Amino acid sequence: MKKLVFVTLGILLVIIVLTPWMLILFAKEQLHDPKITQRENLVEKAPKKVILALFPHPDDEVTVAGTLMKLREDGHEIRIATLTKGEKGKSSGLEDEDLLAEIRCEEMHKAADLIGASELHLLDYPDSGLSSIGLDSLKGIVSDLIDQIQPDVLITYDSKVGLYGHPDHRLSGLAVEQVFQENSSNPQFKPQNLFQVTLCSKQVKVALKLSSSFNKNYPEDPSQGLPDPDFSVKTQEHFPQILEVMNAHKSQKKVLKDLMPFHDRVPVWMYSRVFDREYFHEVK
C-alpha cells in the first residue's frame, strides 16, 4: 500500500513539474515560427554604433525595449525620438490633452532611463494627426532628426501597417523608409541599416483574436499585412525590465495590455519563455 502511495505521489509530482513546461511549449508553438532565424542581437558588438529608435508616440518603444537594452549592454549608444507627445491617448480617461501630454512625456523619460537611452527627443506634432502634416513634410522632419542625431542604425514601425493599423504608426514608418531609401547612395547620409518592427504570421493570427486594436484596424487582405520577419532577437533575459518599461507608461496601461495579453496573470518566469523574442524586417 505504501509503495502505491509513493508511486502515485511521484506521478503527481512529475505532472505538476511538467505541466507548466508543456504549456510553455504549446504557447511557443502557437506564437513563433522556428524557421525564422534567431539572433543574439540586432547588430554586431563592434564597431560601436549610434542607434535611433524613432516612433510616433511615447510607449511605442516598448515593442523593441528588449532589443534596445541588449544593444545598450553591448556598448552601443541608444537615442529615442517620438514625433508626438501622445496627447490623444486617452485610455486612462484623462480628457485634458495638455495635462496628458505632460504626463506621457514624464512616463517616456522614465522608460528611456530604464532602457538606458543617452538622449530622448520628444517632438510636438499632432498625435493621431500626422496625416495632416503631409508625407513630404513628415519626411523633412525625419531628415532633420537624422541630420541632428547622426545615427548608424534606424529602428521604427513598418510602412505597410504600422504594426496594427494606427495611421501615425504607418505614416512615420513610411517617412523613415522613404528617407532611408532615397538617401542610400548619398555618402553624407550616415544610417546604414533600417530595421522595422514586425510579427510572424502566427502572432498576427493570435493578435487578431486577443487584441481589440488588431481586430479593429488590421487589413483583411494578408498581402497588405505586416512585412515578413527576416529574423528575431532573443530578449527573454530582459523580460522583467521590459515589463518595467511597459509599466512606466501608467496612463496607457489599458492599451498596452493588448501588446502583452495576460502578462499580469501569468508568472513572469513562464511568460518570459513564451514572449522571448522581438521580430524585425530589414529594409534593403
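In this text the structure is predicted, and so the values were computed from the model without any measurement.
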inquiry  = Test: ring pair (Phe, Tyr, Trp, His ring centres under 6.0 Å). Region: residues 139-162. Which pairs qualify, not counting sequence neighbours?
reply    = F55-Y157, Y157-H169
ask   = Listed by chain and number, what are the side chain to side chain contact (heavy atoms under 4.5 Å, CB included) partners of Q148, not counting sequence neighbours?
value = H121, L145
Quick one: pull up [atom1] in [X] and [atom2] in [Y] and give me the separation to the nearest 0.5 Å.
X    : Y    : atom1 : atom2 : result
K28  : Q30  : NZ    : CD    : 13.5 Å
L68  : I155 : CG    : CD1   : 5.0 Å
Y279 : S232 : OH    : OG    : 5.0 Å
S184 : L194 : OG    : CG    : 11.5 Å
I141 : L130 : CD1   : CG    : 7.5 Å

State, yes or no, whether a side-chain contact exists between [X] and [Y] at a heavy-atom distance under 4.5 Å.
X    : Y    : answer
T37  : D230 : no
E61  : H249 : yes
K284 : Q181 : no
M69  : T67  : no

Can you tell me if [X] and [Y] form a side-chain donor-acceptor pair at under 3.5 Å?
X    : Y    : result
S251 : E107 : yes
H238 : E73  : yes
D158 : H281 : no

inquiry  = Suppose we screen for ring-ring contact (aromatic ring centres under 6.0 Å, His included). Which residues come up paired with Y271, at least two apart in sequence or across chains?
reply    = F239, F275
query = Of V283, L154, V153, which meets side chain to side chain contact (heavy atoms under 4.5 Å, CB included) against N193?
reply = V153
request  = Kindly write out the residues that satisfy salt bridge (Lys or Arg N to Asp or Glu O under 4.0 Å) with E182, not counting sequence neighbours, or none if the list is empty.
outcome  = K139
inquiry  = Tell me the closest heavy-atom pair linking F195 and V43, and the distance in Å.
reply    = CE1-CG1, 4.1 Å
query = If you look at every heavy atom in G89 and Q252, which pair is closest and at what distance?
reply = O-NE2, 2.8 Å
Any pair counted as salt bridge (charged side-chain N to carboxylate O under 4.0 Å, His left out), so long as it reaches residues 186-215, sequence neighbours left out = E29-K202, D152-K190
ask   = Within a radius of less than 6.0 Å around CG of D228, do more than 12 heavy atoms belonging to other residues, nucleotides or ligands occur?
value = no
request  = Would you indicate whether R72, at its atom CZ, is surrounded by more than 12 heavy atoms from other residues, nucleotides or ligands within a distance under 6.0 Å?
outcome  = no
Donor-acceptor contacts, no H, no angles, side chain residues 108-117, under 3.5 Å, sequence neighbours left out:
none

